[in-house]
Amino acid sequence: MDAKTFDKTRLVSRHVTEGPQRAPHRSYYYAMGLTEEEIHRPLIGVATCWNEAAPCNIALNRQAQAVKLGVKEGLGTPREFTTITVTDGIAMGHEGMRSSLPSREAIADTVELTMRGHAYDAIVGLAGCDKSLPGMMMAMVRLNVPSVFIYGGSILPGRYEGRDVTVQDVFEAVGKHQAGVLSTCELEKLESVACPSAGSCGGQFTANTMACVSEAIGLALPNSSGAPAPYGSRDQYCEMSGRAVMNLLARGIRARDIVTREALENAARIVACTGGSTNAGLHLPAIAHEAGIEFDLDDVCAIFRETPYFVDLKPGGRYVAKDLYDVGGVPVVMKLLLEAGLLHGNCITATGKTMAENLANIAGEADGKVIHPVSKPLSPTGGVVGLKGNLAPDGAIVKVAGMKKLKFEGPARVFESEEDAFAAVQRRDYKEGEVIVIRNEGPKGGPGMREMLATTAAIAGQGMGSKVALITDGRFSGATRGFCVGHVGPEAAVGGPIALLRDGDIIQIDAKKGTIKVKLSAKELKARHKEWKQQPPRESFYGSGAIWKYAQLVGPAKDGAVTHPGKAGERHVYADL
């Protein structure tokens, strides 16, 4: 590849670097130390979510420098910029969690605006925390430029009393402390060792789930999601990602060439077989929406139903992301899926090759501990399953990885917010056999569709995780375990059946059949809905600002909780300007 490979007259950056009329624009680049040659090369956005909010993001700045080196080696001119992140572990359990899902849209929007405003030709995106991964991938597909995604890497596991621990253990320890079975001293010891390095939460929580998705969907280089954040080898993957985006630009391979319906199905497979986060049921439809592909919660759950669960990762299993990397990482899992006929091998990827070509030389096999043979899975269906019924006509989702009991029936105990439910859990003011209902926490009604890890972890810590069920129109963290059903839709704010529940209503959940029902007649539900419409809706705490704006725009969870028309409303493709 040489400078003549790139025809600047066909690239978006010509609008800021070419011709006498762009002399003022070029003067800014000279001010930043660029040479004439560098100004006239392709301009490549290197977008990072670096900040000091949490360990998930702290290593991204270092890794971005390696990406920039790779871009330069490929004869591009890298332009680094940053966007926001909201880190769920710190936002969890208080008003800050309402900012989490809206941050996904803000990330996609700000990356889009930066790329458009400065006319960059391609992008390498680095992300580390839960919503920043799908937000970055959404921006890539929305812009439809040559794109490579790179994960910042997972955190190393902590060690406590001779065993590996993660932040999940700390959240659950809070419940043990409340129950009086863990001292304040021991809780403080655990919190000081659970997160020993930079990187994202170590189990198959949302960040690592979406990191696996980035490889399976084809936007990331093979095995780039695996190495923990502190490993120097991550920089090699970053440098290769910089070179890879220049190869894609030279060959005219764009994000939507990679993110196809088949690629989305591959992504759903990796979530299912690893027992990944239920949040993938929200993010995959959102990514599909940017590409104009119909791929909603029903489509995601259909893949989950027919995919065996054979990778034993926390929170339902025993191992963490580093353990998966040590036995070969995502490529080994995908190779096994391909051999089992469960993967589309013809999808093009960030290497410029097909998925099957990428996997052709992968030598690893199932180790029998972290990765089990597909023929001898931990469960014949995916670690995450979809539910439907008169309580959730638009669907709901539950993580079953590690669960022994797949059916639950009990009386509803209804709470109007997470705060009310958490306070009751703290008081131990709930009973074995109940179905705890937390409503008004959906995308619009929350607003922001909060995760409920603080509540579910406290229940687990109190030893009640298998003795109650919990349903919500909000979300659960990837670290949640137990009979916890999220994304119940339609949400309470728009009059979905969850809004009509009363204490004592009998709720039936069958994760094996994929059903969720309340034992009420259609006539009774209709009467309650009529009564509900006569009552004023719960007033939101937010009357202005970003979260208010989000509530006005956001759509239903089943479609990804998106805030704009997507490709269906598109009137031009940015890369063709």
- Going through the checks in order, is the side chain to side chain contact (heavy atoms under 4.5 Å, CB included) test met by T209 and N279? CA-CA 9 Å; T209 296; N279 282 314; over 6 Å; no
Can you measure from [atom1] ([X]) to [atom2] ([Y]) and round to the nearest 0.5 angstrom?
X: F6; Y: L75; atom1: CZ; atom2: CG; answer: 6.5 Å
X: M240; Y: D235; atom1: CE; atom2: CG; answer: 10.5 Å
X: E215; Y: N358; atom1: CD; atom2: CG; answer: 9.5 Å
X: I44; Y: K72; atom1: CD1; atom2: NZ; answer: 13.0 Å
X: I293; Y: K567; atom1: CD1; atom2: NZ; answer: 9.0 Å
X: I303; Y: L264; atom1: CD1; atom2: CG; answer: 10.0 Å

Side-chain contact test, heavy atoms from C-beta onward, threshold under 4.5 Å: evaluate it for [X] versus [Y] and give yes or no.
X: H40; Y: R26; value: yes
X: Y550; Y: T563; value: yes
X: T206; Y: H283; value: yes
X: D130; Y: F205; value: no
X: K8; Y: R41; value: no
X: D299; Y: R261; value: yes
X: T9; Y: E18; value: no
X: H572; Y: L577; value: yes

Is a donor on one side and an acceptor on the other found under 3.5 Å between the side chain of [X] and the backbone of [Y]?
X: Y160; Y: D169; answer: no
X: N144; Y: R256; answer: yes
X: S197; Y: L156; answer: yes
X: H118; Y: V16; answer: no
X: D296; Y: D559; answer: no
X: T77; Y: E38; answer: yes
X: R104; Y: P134; answer: no
X: R22; Y: H15; answer: yes
X: S224; Y: A220; answer: no

Could you check whether [Y] and [X], counting side-chain N and O atoms only, form a donor-acceptor pair closer than 3.5 Å?
X: S154; Y: N208; answer: no
X: Q65; Y: K68; answer: yes
X: R269; Y: T307; answer: yes
X: N266; Y: E262; answer: no
X: T83; Y: T110; answer: yes

Heavy-atom closest pair, residues [X] and [Y]:
X: V193; Y: P196; value: O-CD, 3.9 Å
X: I397; Y: F304; value: CD1-CE1, 3.9 Å
X: C195; Y: I155; value: CB-CD1, 3.5 Å
X: Y309; Y: G317; value: OH-N, 4.3 Å
X: L143; Y: V573; value: O-CG1, 4.3 Å
X: I150; Y: Y237; value: CD1-CB, 4.1 Å

- Message: Determine whether I258 and I253 satisfy the following criterion, side chain to side chain contact (heavy atoms under 4.5 Å, CB included), listing intermediate values before the conclusion.
- Response: CA-CA 8 Å; I258 291 171; I253 298 173; 4.2 Å; yes
- For V370, which of V320, L313, D312, D326 qualifies under side-chain contact (heavy atoms from CB on, under 4.5 Å)?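 Only match with V370 under side-chain contact (heavy atoms from CB on, under 4.5 Å): L313.
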Quick check: are there more than 12 heavy atoms from other residues, nucleotides or ligands sitting under 6.0 Å from [atom1] of [X]?
X: E357; atom1: CD; value: yes
X: N361; atom1: CG; value: no
X: Q552; atom1: CD; value: yes
X: Q21; atom1: CD; value: yes
X: Y28; atom1: OH; value: no
X: R10; atom1: CZ; value: no

- Please walk me through it: do H344 and M355 pass side chain to side chain contact (heavy atoms under 4.5 Å, CB included)? CA-CA 8 Å; H344 299 288; M355 185 67 70; over 6 Å; no
- Residue pair M449, H487: steps toward the side chain to side chain contact (heavy atoms under 4.5 Å, CB included) verdict: CA-CA 9 Å; M449 204 179 184; H487 302 199; 3.5 Å; yes
- Message: Regarding E570 and R142, does a basic nitrogen lie under 4.0 Å from an acidic carboxylate oxygen?
- Response: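 No.
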- Inspect the contact between K369 and D323 and indicate whether a charged nitrogen and a carboxylate oxygen are less than 4.0 angstrom apart.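 Judged by the 4.0 Å cut-off on N to carboxylate O distance, D323 and K369 do not form a salt bridge.
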- Query: Could you go step by step and tell me if E105 and K131 meet the salt bridge (charged side-chain N to carboxylate O under 4.0 Å, His left out) rule?
  - Reply: CA-CA 9 Å; E105 310 308 301; K131 307 307 169 293; over 6 Å; no
